[in-house]
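Report on the structure given below.
Throughout, protein chains are lettered first and strands after them, A, B, ... in sequence-line order, and every chain is numbered starting at 1. What you see below is based on every heavy atom in this structure, not just the backbone, and it leaves out hydrogens, waters and symmetry mates. These figures come from a predicted structure and were not determined experimentally.
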Number of protein chains: 2
Amino acid sequence: MDKTAENGPWADESGDTSGRKKGQLHAEAAGKLRSMILSGELPPGERLREMQLCEQLGVSRTPVREALRTLAAEGLVDLLPNRSVVVSELHAPDLEHLFVVFGAIEGIAAELACQKITEAEIGEIGRLLAEMIDYHARKERAPYMQINQKIHQRTVEIAANPVLYTVWQSLVPRVERARALANLDTGRWTGALFEHTKMFTALASRDGQLLAQLTREHFLNSLPFLQSRLENDD
Amino acid sequence: MDKTAENGPWADESGDTSGRKKGQLHAEAAGKLRSMILSGELPPGERLREMQLCEQLGVSRTPVREALRTLAAEGLVDLLPNRSVVVSELHAPDLEHLFVVFGAIEGIAAELACQKITEAEIGEIGRLLAEMIDYHARKERAPYMQINQKIHQRTVEIAANPVLYTVWQSLVPRVERARALANLDTGRWTGALFEHTKMFTALASRDGQLLAQLTREHFLNSLPFLQSRLENDD
DNA sequence: TTGTCTATTCTTGTATACAAGACTGGTGTT
DNA sequence: AACACCAGTCTTGTATACAAGAATAGACAA
(Lines give C-alpha, C1' and ligand atoms only; values in the text may rest on other atoms or scores of the structure.)
Protein backbone atom coordinates (compact mmCIF):
# COMPACT_ATOMS: atom_id res chain seq x y z
CA MET A 1 0.00 0.00 0.00
CA ASP A 2 2.83 2.36 0.76
CA LYS A 3 5.26 1.75 -2.02
CA THR A 4 4.37 4.96 -3.77
CA ALA A 5 7.93 6.17 -3.84
CA GLU A 6 7.99 7.01 -7.50
CA ASN A 7 4.56 8.37 -8.16
CA GLY A 8 3.92 10.29 -4.94
CA PRO A 9 3.71 14.05 -5.13
CA TRP A 10 7.04 15.83 -5.62
CA ALA A 11 9.13 12.79 -4.75
CA ASP A 12 12.01 14.76 -6.18
CA GLU A 13 11.31 16.70 -9.34
CA SER A 14 10.80 20.43 -9.05
CA GLY A 15 11.85 22.20 -12.16
CA ASP A 16 15.21 20.82 -13.19
CA THR A 17 15.52 18.51 -16.13
CA SER A 18 19.23 17.91 -15.86
CA GLY A 19 20.21 14.63 -14.24
CA ARG A 20 16.89 13.04 -15.01
CA LYS A 21 16.73 9.64 -16.65
CA LYS A 22 14.35 9.68 -19.58
CA GLY A 23 10.95 8.14 -19.56
CA GLN A 24 9.01 10.04 -16.93
CA LEU A 25 8.01 13.18 -18.72
CA HIS A 26 4.55 13.13 -17.15
CA ALA A 27 6.00 13.13 -13.63
CA GLU A 28 8.37 15.88 -14.59
CA ALA A 29 5.55 17.87 -16.12
CA ALA A 30 3.46 17.39 -12.98
CA GLY A 31 6.32 18.69 -10.87
CA LYS A 32 6.82 21.77 -12.98
CA LEU A 33 3.14 22.58 -13.18
CA ARG A 34 2.80 22.07 -9.44
CA SER A 35 5.50 24.56 -8.60
CA MET A 36 4.11 27.00 -11.16
CA ILE A 37 0.78 26.88 -9.36
CA LEU A 38 2.29 27.11 -5.89
CA SER A 39 4.47 30.04 -6.89
CA GLY A 40 1.48 31.87 -8.28
CA GLU A 41 2.86 31.89 -11.81
CA LEU A 42 -0.39 30.14 -12.68
CA PRO A 43 -2.94 32.06 -10.60
CA PRO A 44 -6.26 30.65 -9.34
CA GLY A 45 -8.88 30.63 -12.05
CA GLU A 46 -6.31 30.47 -14.84
CA ARG A 47 -7.44 28.42 -17.81
CA LEU A 48 -4.84 25.85 -18.76
CA ARG A 49 -4.82 25.11 -22.47
CA GLU A 50 -3.12 21.81 -23.14
CA MET A 51 -1.30 22.95 -26.25
CA GLN A 52 -0.02 26.04 -24.47
CA LEU A 53 1.37 23.91 -21.65
CA CYS A 54 2.97 21.62 -24.23
CA GLU A 55 4.89 24.54 -25.67
CA GLN A 56 5.95 25.81 -22.26
CA LEU A 57 7.10 22.40 -21.08
CA GLY A 58 8.41 21.17 -24.40
CA VAL A 59 6.49 17.90 -24.43
CA SER A 60 3.45 16.57 -26.24
CA ARG A 61 -0.10 16.47 -25.00
CA THR A 62 -0.01 12.91 -23.68
CA PRO A 63 2.28 13.53 -20.68
CA VAL A 64 0.65 16.90 -20.07
CA ARG A 65 -2.79 15.35 -19.82
CA GLU A 66 -1.53 12.66 -17.46
CA ALA A 67 0.14 15.30 -15.30
CA LEU A 68 -3.12 17.23 -15.14
CA ARG A 69 -4.92 14.16 -13.77
CA THR A 70 -2.33 13.93 -11.03
CA LEU A 71 -2.74 17.59 -10.14
CA ALA A 72 -6.50 17.19 -10.18
CA ALA A 73 -6.20 14.40 -7.64
CA GLU A 74 -4.11 16.75 -5.50
CA GLY A 75 -6.82 19.39 -5.70
CA LEU A 76 -4.69 21.99 -7.43
CA VAL A 77 -6.74 22.05 -10.62
CA ASP A 78 -10.35 21.32 -11.54
CA LEU A 79 -11.23 19.11 -14.50
CA LEU A 80 -14.22 20.40 -16.42
CA PRO A 81 -15.29 17.75 -18.95
CA ASN A 82 -14.87 18.89 -22.53
CA ARG A 83 -13.78 22.24 -21.22
CA SER A 84 -10.41 23.57 -20.17
CA VAL A 85 -8.73 22.57 -16.97
CA VAL A 86 -8.55 25.53 -14.59
CA VAL A 87 -6.35 26.25 -11.60
CA SER A 88 -8.62 25.81 -8.60
CA GLU A 89 -9.78 28.88 -6.75
CA LEU A 90 -8.85 29.60 -3.17
CA HIS A 91 -11.62 31.49 -1.40
CA ALA A 92 -11.69 32.48 2.24
CA PRO A 93 -14.42 29.94 3.16
CA ASP A 94 -12.51 27.18 1.38
CA LEU A 95 -9.53 28.15 3.44
CA GLU A 96 -11.44 27.53 6.63
CA HIS A 97 -12.45 24.09 5.41
CA LEU A 98 -8.87 23.37 4.49
CA PHE A 99 -7.40 24.51 7.78
CA VAL A 100 -9.91 22.64 9.91
CA VAL A 101 -8.99 19.42 8.16
CA PHE A 102 -5.30 20.12 7.98
CA GLY A 103 -5.14 21.05 11.64
CA ALA A 104 -6.90 17.81 12.53
CA ILE A 105 -4.51 15.80 10.36
CA GLU A 106 -1.50 17.38 11.98
CA GLY A 107 -3.20 16.82 15.31
CA ILE A 108 -3.34 13.09 14.69
CA ALA A 109 0.25 13.19 13.52
CA ALA A 110 1.23 14.97 16.70
CA GLU A 111 -0.51 12.39 18.84
CA LEU A 112 1.18 9.51 17.03
CA ALA A 113 4.52 11.29 17.09
CA CYS A 114 4.33 11.62 20.87
CA GLN A 115 4.01 7.87 21.14
CA LYS A 116 6.91 7.10 18.87
CA ILE A 117 9.43 9.91 19.18
CA THR A 118 12.93 9.11 20.45
CA GLU A 119 15.11 11.26 22.66
CA ALA A 120 17.36 11.99 19.70
CA GLU A 121 14.43 13.21 17.66
CA ILE A 122 13.24 15.44 20.49
CA GLY A 123 16.70 16.97 20.46
CA GLU A 124 16.49 17.44 16.71
CA ILE A 125 13.16 19.24 16.90
CA GLY A 126 14.47 21.32 19.77
CA ARG A 127 17.40 22.47 17.66
CA LEU A 128 15.10 23.37 14.80
CA LEU A 129 12.93 25.37 17.18
CA ALA A 130 15.96 27.24 18.50
CA GLU A 131 16.98 28.05 14.95
CA MET A 132 13.50 29.30 14.24
CA ILE A 133 13.50 31.55 17.31
CA ASP A 134 16.77 32.95 16.04
CA TYR A 135 15.34 33.82 12.64
CA HIS A 136 12.33 35.39 14.30
CA ALA A 137 14.58 37.60 16.41
CA ARG A 138 16.39 38.67 13.24
CA LYS A 139 13.08 39.13 11.41
CA GLU A 140 14.19 36.92 8.54
CA ARG A 141 10.89 35.64 7.32
CA ALA A 142 11.86 33.30 4.47
CA PRO A 143 14.26 31.07 6.42
CA TYR A 144 11.87 31.15 9.36
CA MET A 145 9.10 29.76 7.18
CA GLN A 146 11.42 27.11 5.87
CA ILE A 147 12.33 25.86 9.33
CA ASN A 148 8.69 26.06 10.35
CA GLN A 149 7.74 23.85 7.43
CA LYS A 150 10.53 21.46 8.34
CA ILE A 151 9.36 21.07 11.93
CA HIS A 152 5.87 20.19 10.77
CA GLN A 153 7.23 17.75 8.22
CA ARG A 154 9.51 16.02 10.72
CA THR A 155 6.60 15.65 13.11
CA VAL A 156 4.53 13.91 10.48
CA GLU A 157 7.48 11.72 9.53
CA ILE A 158 8.04 10.73 13.14
CA ALA A 159 4.38 9.72 13.35
CA ALA A 160 5.46 6.92 10.98
CA ASN A 161 2.12 6.34 9.32
CA PRO A 162 2.42 6.19 5.53
CA VAL A 163 -1.29 6.71 4.96
CA LEU A 164 -1.26 9.78 7.15
CA TYR A 165 1.85 11.03 5.41
CA THR A 166 0.22 10.71 2.00
CA VAL A 167 -2.90 12.55 3.07
CA TRP A 168 -0.79 15.22 4.70
CA GLN A 169 1.26 15.60 1.53
CA SER A 170 -1.84 15.96 -0.57
CA LEU A 171 -3.00 18.87 1.55
CA VAL A 172 0.31 20.66 2.04
CA PRO A 173 0.41 22.26 -1.41
CA ARG A 174 -2.82 24.10 -0.78
CA VAL A 175 -1.77 25.18 2.71
CA GLU A 176 1.55 26.38 1.37
CA ARG A 177 -0.22 28.18 -1.41
CA ALA A 178 -2.40 29.98 1.09
CA ARG A 179 0.69 30.96 3.05
CA ALA A 180 2.38 32.16 -0.12
CA LEU A 181 -0.60 34.20 -1.27
CA ALA A 182 -1.07 35.80 2.13
CA ASN A 183 2.26 36.59 3.74
CA LEU A 184 2.16 36.23 7.47
CA ASP A 185 1.08 39.17 9.58
CA THR A 186 3.76 40.43 11.98
CA GLY A 187 1.48 40.36 15.00
CA ARG A 188 0.51 36.81 14.25
CA TRP A 189 4.12 35.89 13.71
CA THR A 190 5.13 36.32 17.34
CA GLY A 191 1.99 34.56 18.51
CA ALA A 192 2.68 31.62 16.23
CA LEU A 193 6.20 31.32 17.56
CA PHE A 194 4.94 31.28 21.13
CA GLU A 195 2.51 28.51 20.21
CA HIS A 196 5.38 26.56 18.73
CA THR A 197 7.33 26.67 21.96
CA LYS A 198 4.29 25.42 23.87
CA MET A 199 3.88 22.64 21.32
CA PHE A 200 7.48 21.64 21.75
CA THR A 201 7.04 21.38 25.50
CA ALA A 202 4.08 19.07 24.99
CA LEU A 203 6.02 16.99 22.50
CA ALA A 204 9.08 16.71 24.74
CA SER A 205 6.91 15.50 27.60
CA ARG A 206 5.09 13.19 25.19
CA ASP A 207 1.65 14.58 26.03
CA GLY A 208 -0.16 13.54 22.89
CA GLN A 209 -3.60 14.81 23.89
CA LEU A 210 -2.29 18.25 24.70
CA LEU A 211 -0.10 18.46 21.61
CA ALA A 212 -2.97 17.48 19.35
CA GLN A 213 -5.11 20.16 20.94
CA LEU A 214 -2.39 22.80 20.60
CA THR A 215 -1.77 21.83 16.99
CA ARG A 216 -5.41 22.18 16.01
CA GLU A 217 -5.56 25.56 17.73
CA HIS A 218 -2.33 26.62 16.06
CA PHE A 219 -3.92 26.31 12.65
CA LEU A 220 -7.25 27.73 13.67
CA ASN A 221 -5.51 30.77 15.13
CA SER A 222 -3.61 31.57 11.96
CA LEU A 223 -6.70 31.19 9.83
CA PRO A 224 -8.29 34.64 10.33
CA PHE A 225 -5.04 36.38 9.42
CA LEU A 226 -4.74 34.49 6.15
CA GLN A 227 -8.41 35.03 5.39
CA SER A 228 -8.22 38.79 5.82
CA ARG A 229 -5.20 38.95 3.52
CA LEU A 230 -7.01 36.92 0.92
CA GLU A 231 -10.12 39.07 0.99
CA ASN A 232 -8.07 42.19 0.38
CA ASP A 233 -6.40 40.77 -2.68
CA ASP A 234 -9.28 39.51 -4.75
CA MET B 1 -11.51 24.48 -4.52
CA ASP B 2 -14.64 22.44 -4.22
CA LYS B 3 -15.87 22.13 -7.74
CA THR B 4 -14.70 18.58 -8.11
CA ALA B 5 -18.13 17.28 -8.90
CA GLU B 6 -17.23 15.60 -12.12
CA ASN B 7 -13.78 14.22 -11.50
CA GLY B 8 -14.20 12.98 -7.95
CA PRO B 9 -14.06 9.26 -7.39
CA TRP B 10 -17.16 7.30 -8.32
CA ALA B 11 -19.38 10.32 -8.80
CA ASP B 12 -21.72 7.87 -10.44
CA GLU B 13 -20.13 5.33 -12.76
CA SER B 14 -19.71 1.81 -11.53
CA GLY B 15 -19.87 -0.55 -14.42
CA ASP B 16 -22.79 0.59 -16.54
CA THR B 17 -22.21 2.31 -19.83
CA SER B 18 -25.84 2.94 -20.63
CA GLY B 19 -27.09 6.45 -20.08
CA ARG B 20 -23.64 7.92 -20.27
CA LYS B 21 -22.96 10.88 -22.50
CA LYS B 22 -19.89 10.26 -24.62
CA GLY B 23 -16.55 11.83 -24.06
CA GLN B 24 -15.51 10.61 -20.64
CA LEU B 25 -14.13 7.21 -21.39
CA HIS B 26 -11.28 7.68 -18.96
CA ALA B 27 -13.66 8.39 -16.09
CA GLU B 28 -15.74 5.41 -17.10
CA ALA B 29 -12.63 3.25 -17.32
CA ALA B 30 -11.52 4.45 -13.88
CA GLY B 31 -14.90 3.53 -12.47
CA LYS B 32 -14.85 0.06 -13.94
CA LEU B 33 -11.30 -0.64 -12.89
CA ARG B 34 -12.05 0.66 -9.42
CA SER B 35 -14.95 -1.68 -8.92
CA MET B 36 -12.95 -4.56 -10.38
CA ILE B 37 -10.29 -3.94 -7.76
CA LEU B 38 -12.77 -3.47 -4.93
CA SER B 39 -14.63 -6.63 -5.88
CA GLY B 40 -11.41 -8.60 -5.89
CA GLU B 41 -11.68 -9.44 -9.57
CA LEU B 42 -8.28 -7.80 -9.79
CA PRO B 43 -6.50 -9.10 -6.70
CA PRO B 44 -3.64 -7.34 -4.86
CA GLY B 45 -0.34 -7.81 -6.62
CA GLU B 46 -1.99 -8.36 -10.01
CA ARG B 47 0.00 -6.97 -12.87
CA LEU B 48 -2.14 -4.76 -15.06
CA ARG B 49 -1.10 -4.82 -18.70
CA GLU B 50 -2.44 -1.81 -20.51
CA MET B 51 -3.32 -3.64 -23.71
CA GLN B 52 -5.14 -6.32 -21.78
CA LEU B 53 -7.22 -3.71 -19.98
CA CYS B 54 -7.94 -2.06 -23.32
CA GLU B 55 -9.46 -5.28 -24.62
CA GLN B 56 -11.49 -5.84 -21.48
CA LEU B 57 -12.82 -2.28 -21.42
CA GLY B 58 -13.10 -1.83 -25.16
CA VAL B 59 -11.17 1.43 -25.30
CA SER B 60 -7.71 2.47 -26.40
CA ARG B 61 -4.65 2.93 -24.24
CA THR B 62 -5.02 6.69 -23.78
CA PRO B 63 -8.08 6.63 -21.51
CA VAL B 64 -6.79 3.51 -19.77
CA ARG B 65 -3.53 5.20 -18.88
CA GLU B 66 -5.33 8.28 -17.59
CA ALA B 67 -7.62 6.11 -15.51
CA LEU B 68 -4.59 4.37 -14.02
CA ARG B 69 -3.17 7.72 -12.88
CA THR B 70 -6.45 8.43 -11.12
CA LEU B 71 -6.41 5.06 -9.40
CA ALA B 72 -2.78 5.59 -8.43
CA ALA B 73 -3.74 8.85 -6.75
CA GLU B 74 -6.42 6.94 -4.87
CA GLY B 75 -3.85 4.43 -3.70
CA LEU B 76 -5.45 1.45 -5.39
CA VAL B 77 -2.56 0.77 -7.74
CA ASP B 78 1.17 1.41 -7.71
CA LEU B 79 2.91 2.94 -10.70
CA LEU B 80 6.29 1.36 -11.36
CA PRO B 81 8.12 3.43 -13.99
CA ASN B 82 8.71 1.54 -17.21
CA ARG B 83 7.19 -1.50 -15.58
CA SER B 84 3.63 -2.68 -15.28
CA VAL B 85 1.14 -1.05 -13.00
CA VAL B 86 0.21 -3.41 -10.16
CA VAL B 87 -2.80 -3.54 -7.87
CA SER B 88 -1.45 -2.36 -4.52
CA GLU B 89 -1.01 -4.87 -1.73
CA LEU B 90 -3.01 -4.71 1.43
CA HIS B 91 -1.00 -5.94 4.41
CA ALA B 92 -2.19 -6.09 7.98
CA PRO B 93 0.14 -3.32 9.23
CA ASP B 94 -0.92 -1.05 6.38
CA LEU B 95 -4.45 -1.68 7.44
CA GLU B 96 -3.76 -0.36 10.91
CA HIS B 97 -2.26 2.81 9.46
CA LEU B 98 -5.26 3.21 7.21
CA PHE B 99 -7.82 2.69 9.93
CA VAL B 100 -6.16 5.04 12.40
CA VAL B 101 -6.29 7.81 9.84
CA PHE B 102 -9.71 6.96 8.51
CA GLY B 103 -11.19 6.77 11.99
CA ALA B 104 -9.76 10.18 12.79
CA ILE B 105 -11.14 11.63 9.57
CA GLU B 106 -14.59 10.30 10.27
CA GLY B 107 -14.17 11.55 13.82
CA ILE B 108 -13.69 15.09 12.57
CA ALA B 109 -16.62 14.65 10.23
CA ALA B 110 -18.73 13.48 13.13
CA GLU B 111 -17.77 16.49 15.20
CA LEU B 112 -18.61 18.90 12.40
CA ALA B 113 -21.81 17.05 11.59
CA CYS B 114 -23.00 17.46 15.18
CA GLN B 115 -22.68 21.21 14.83
CA LYS B 116 -24.54 21.42 11.56
CA ILE B 117 -27.10 18.64 11.47
CA THR B 118 -30.79 19.53 11.20
CA GLU B 119 -33.70 17.77 12.84
CA ALA B 120 -34.77 16.41 9.48
CA GLU B 121 -31.34 14.93 8.91
CA ILE B 122 -31.33 13.33 12.35
CA GLY B 123 -34.59 11.69 11.35
CA GLU B 124 -33.07 10.52 8.09
CA ILE B 125 -30.08 8.92 9.80
CA GLY B 126 -32.43 7.37 12.34
CA ARG B 127 -34.45 5.72 9.57
CA LEU B 128 -31.29 4.38 7.96
CA LEU B 129 -30.21 2.96 11.30
CA ALA B 130 -33.60 1.27 11.77
CA GLU B 131 -33.28 -0.24 8.31
CA MET B 132 -29.82 -1.48 9.15
CA ILE B 133 -31.01 -3.10 12.37
CA ASP B 134 -33.63 -4.82 10.31
CA TYR B 135 -31.13 -6.29 7.88
CA HIS B 136 -28.98 -7.41 10.78
CA ALA B 137 -31.91 -9.26 12.30
CA ARG B 138 -32.50 -10.97 8.96
CA LYS B 139 -28.77 -11.66 8.59
CA GLU B 140 -28.71 -10.06 5.15
CA ARG B 141 -25.15 -8.94 5.00
CA ALA B 142 -24.93 -7.22 1.61
CA PRO B 143 -27.79 -4.74 2.08
CA TYR B 144 -26.62 -4.17 5.66
CA MET B 145 -23.20 -3.14 4.42
CA GLN B 146 -24.79 -0.86 1.87
CA ILE B 147 -26.84 1.00 4.46
CA ASN B 148 -23.84 1.12 6.75
CA GLN B 149 -21.82 2.76 4.01
CA LYS B 150 -24.65 5.19 3.38
CA ILE B 151 -24.84 6.30 7.00
CA HIS B 152 -21.15 7.06 7.04
CA GLN B 153 -21.42 8.89 3.75
CA ARG B 154 -24.36 11.00 4.88
CA THR B 155 -22.51 11.94 8.05
CA VAL B 156 -19.56 13.20 6.07
CA GLU B 157 -21.89 15.06 3.72
CA ILE B 158 -23.66 16.72 6.62
CA ALA B 159 -20.29 17.87 7.94
CA ALA B 160 -20.36 20.11 4.85
CA ASN B 161 -16.63 20.47 4.43
CA PRO B 162 -15.56 19.84 0.83
CA VAL B 163 -11.91 19.35 1.72
CA LEU B 164 -12.83 16.78 4.31
CA TYR B 165 -15.15 15.10 1.85
CA THR B 166 -12.42 14.81 -0.75
CA VAL B 167 -9.94 13.32 1.70
CA TRP B 168 -12.59 10.94 2.95
CA GLN B 169 -13.39 9.88 -0.58
CA SER B 170 -9.76 9.23 -1.34
CA LEU B 171 -9.54 6.82 1.58
CA VAL B 172 -12.89 5.05 1.23
CA PRO B 173 -11.85 2.76 -1.64
CA ARG B 174 -9.14 1.16 0.44
CA VAL B 175 -11.36 0.81 3.47
CA GLU B 176 -14.08 -0.74 1.35
CA ARG B 177 -11.56 -3.05 -0.21
CA ALA B 178 -10.43 -4.22 3.21
CA ARG B 179 -14.05 -4.85 4.14
CA ALA B 180 -14.59 -6.74 0.89
CA LEU B 181 -11.50 -8.89 1.24
CA ALA B 182 -12.29 -9.74 4.83
CA ASN B 183 -15.97 -10.31 5.18
CA LEU B 184 -17.17 -9.19 8.53
CA ASP B 185 -17.01 -11.63 11.39
CA THR B 186 -20.42 -12.46 12.85
CA GLY B 187 -19.37 -11.71 16.41
CA ARG B 188 -18.03 -8.36 15.39
CA TRP B 189 -21.14 -7.69 13.36
CA THR B 190 -23.41 -7.45 16.37
CA GLY B 191 -20.85 -5.39 18.26
CA ALA B 192 -20.54 -2.97 15.38
CA LEU B 193 -24.28 -2.55 15.24
CA PHE B 194 -24.40 -1.77 18.95
CA GLU B 195 -21.71 0.85 18.46
CA HIS B 196 -23.78 2.37 15.70
CA THR B 197 -26.76 2.82 17.96
CA LYS B 198 -24.57 4.51 20.56
CA MET B 199 -23.15 6.76 17.87
CA PHE B 200 -26.63 7.70 16.75
CA THR B 201 -27.57 8.69 20.28
CA ALA B 202 -24.54 10.97 20.45
CA LEU B 203 -25.38 12.44 17.06
CA ALA B 204 -29.01 13.06 17.94
CA SER B 205 -27.95 14.87 21.13
CA ARG B 206 -25.32 16.73 19.14
CA ASP B 207 -22.49 15.66 21.41
CA GLY B 208 -19.62 16.13 18.98
CA GLN B 209 -16.82 15.22 21.38
CA LEU B 210 -18.47 11.96 22.32
CA LEU B 211 -19.40 11.07 18.75
CA ALA B 212 -15.87 11.69 17.53
CA GLN B 213 -14.55 9.45 20.29
CA LEU B 214 -17.05 6.71 19.50
CA THR B 215 -16.31 6.94 15.81
CA ARG B 216 -12.57 6.53 16.30
CA GLU B 217 -13.17 3.55 18.57
CA HIS B 218 -15.62 2.07 16.07
CA PHE B 219 -12.89 1.76 13.47
CA LEU B 220 -10.20 0.71 15.90
CA ASN B 221 -12.47 -2.05 17.19
CA SER B 222 -13.14 -3.54 13.79
CA LEU B 223 -9.47 -3.46 12.86
CA PRO B 224 -8.30 -6.69 14.58
CA PHE B 225 -11.07 -8.69 12.93
CA LEU B 226 -10.12 -7.51 9.48
CA GLN B 227 -6.45 -8.04 10.18
CA SER B 228 -6.91 -11.63 11.27
CA ARG B 229 -8.95 -12.39 8.16
CA LEU B 230 -6.27 -10.85 6.01
CA GLU B 231 -3.45 -12.83 7.59
CA ASN B 232 -5.27 -16.08 6.96
CA ASP B 233 -5.70 -15.36 3.28
CA ASP B 234 -2.23 -14.44 2.15
C1' DT C 1 24.53 -28.32 -13.95
C1' DT C 2 24.91 -23.53 -13.36
C1' DG C 3 25.81 -18.96 -14.65
C1' DT C 4 26.06 -15.36 -17.97
C1' DC C 5 25.30 -13.20 -22.16
C1' DT C 6 22.55 -11.91 -25.98
C1' DA C 7 18.77 -11.67 -29.19
C1' DT C 8 13.95 -11.61 -29.43
C1' DT C 9 9.62 -10.27 -27.73
C1' DC C 10 6.78 -7.73 -24.91
C1' DT C 11 5.35 -3.54 -22.49
C1' DT C 12 5.47 0.96 -21.50
C1' DG C 13 6.43 6.09 -22.78
C1' DT C 14 5.65 9.65 -26.06
C1' DA C 15 4.11 11.86 -30.25
C1' DT C 16 0.80 12.66 -33.66
C1' DA C 17 -3.60 12.28 -36.23
C1' DC C 18 -8.36 12.56 -36.38
C1' DA C 19 -13.16 13.20 -34.44
C1' DA C 20 -16.44 15.48 -31.55
C1' DG C 21 -17.84 18.89 -28.52
C1' DA C 22 -17.44 23.97 -27.00
C1' DC C 23 -16.59 28.85 -27.95
C1' DT C 24 -16.82 33.20 -30.87
C1' DG C 25 -18.17 36.43 -34.07
C1' DG C 26 -21.29 37.92 -37.10
C1' DT C 27 -25.87 38.02 -39.28
C1' DG C 28 -30.60 38.34 -39.42
C1' DT C 29 -34.98 38.96 -37.19
C1' DT C 30 -38.20 40.98 -33.99
C1' DA D 1 -31.38 47.64 -29.35
C1' DA D 2 -31.74 42.98 -27.94
C1' DC D 3 -31.92 38.31 -28.90
C1' DA D 4 -31.61 33.96 -31.39
C1' DC D 5 -29.15 31.44 -34.67
C1' DC D 6 -25.46 29.66 -37.43
C1' DA D 7 -20.85 28.92 -39.36
C1' DG D 8 -15.97 28.93 -38.51
C1' DT D 9 -12.42 28.21 -35.17
C1' DC D 10 -10.53 26.43 -31.24
C1' DT D 11 -9.98 22.86 -27.61
C1' DT D 12 -10.54 18.67 -25.75
C1' DG D 13 -11.26 13.36 -26.16
C1' DT D 14 -9.70 9.21 -28.25
C1' DA D 15 -7.13 6.22 -31.27
C1' DT D 16 -3.04 4.82 -33.39
C1' DA D 17 1.93 4.81 -34.60
C1' DC D 18 6.51 4.65 -33.32
C1' DA D 19 10.54 4.53 -30.06
C1' DA D 20 12.84 2.95 -26.01
C1' DG D 21 13.29 0.31 -21.89
C1' DA D 22 12.38 -4.33 -19.55
C1' DA D 23 11.44 -9.25 -19.39
C1' DT D 24 12.43 -13.77 -21.29
C1' DA D 25 14.33 -17.70 -23.37
C1' DG D 26 17.97 -19.96 -25.47
C1' DA D 27 22.91 -20.63 -26.46
C1' DC D 28 27.32 -21.04 -24.89
C1' DA D 29 31.13 -21.42 -21.55
C1' DA D 30 32.84 -22.80 -17.12
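Partners of A:Arg154 according to the salt bridge (Lys or Arg N to Asp or Glu O under 4.0 Å) rule, which considers only residues two or more places apart in sequence or in another chain, are A:Glu124, A:Glu157.
B:Leu25 places its CG atom 14 Å from the C1' atom of C:dG21, with the value rounded to the nearest Å. B:Gln52 places its CD atom 14 Å from the P atom of C:dC10, with the value rounded to the nearest Å. Note: CD (B:Glu55) to P (C:dC10) measures 13 Å, nearest angstrom. C:dC10 atom C1' lies 15 Å from atom CG of B:Leu53, rounded to whole Å.
Under the 6.0 Å cut-off for aromatic ring centres, B:Phe219 and B:His152 qualify, their centroids lying closer than that.
A side-chain donor-acceptor contact under 3.5 Å links B:Tyr165 and B:Gln153.
Between B:Lys32 and B:Glu28, at least one side-chain N (NZ, or NE/NH1/NH2) sits under 4.0 Å from a carboxylate O, which counts as a salt bridge. The residues B:Glu66 and B:Arg69 are annotated as not salt-bridged, no charged nitrogen and carboxylate oxygen being separated by less than 4.0 angstrom.
Between B:Ser60 and D:dA15 there is a side-chain N or O to OP1 or OP2 distance below 4.0 Å.
Across all their heavy atoms, A:Ala212 and A:Glu111 have their closest contact at CB-OE1, 3.8 Å.
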What's touching nucleotides 10-12 of chain D from the protein side, N or O pairs under 3.5 Å?
from, atom 1, to, atom 2, distance (Å)
D:dT12, OP1, A:Leu48, O, 3.3
D:dT12, OP1, A:Ser84, OG, 3.2
D:dT12, OP2, A:Glu50, N, 3.2

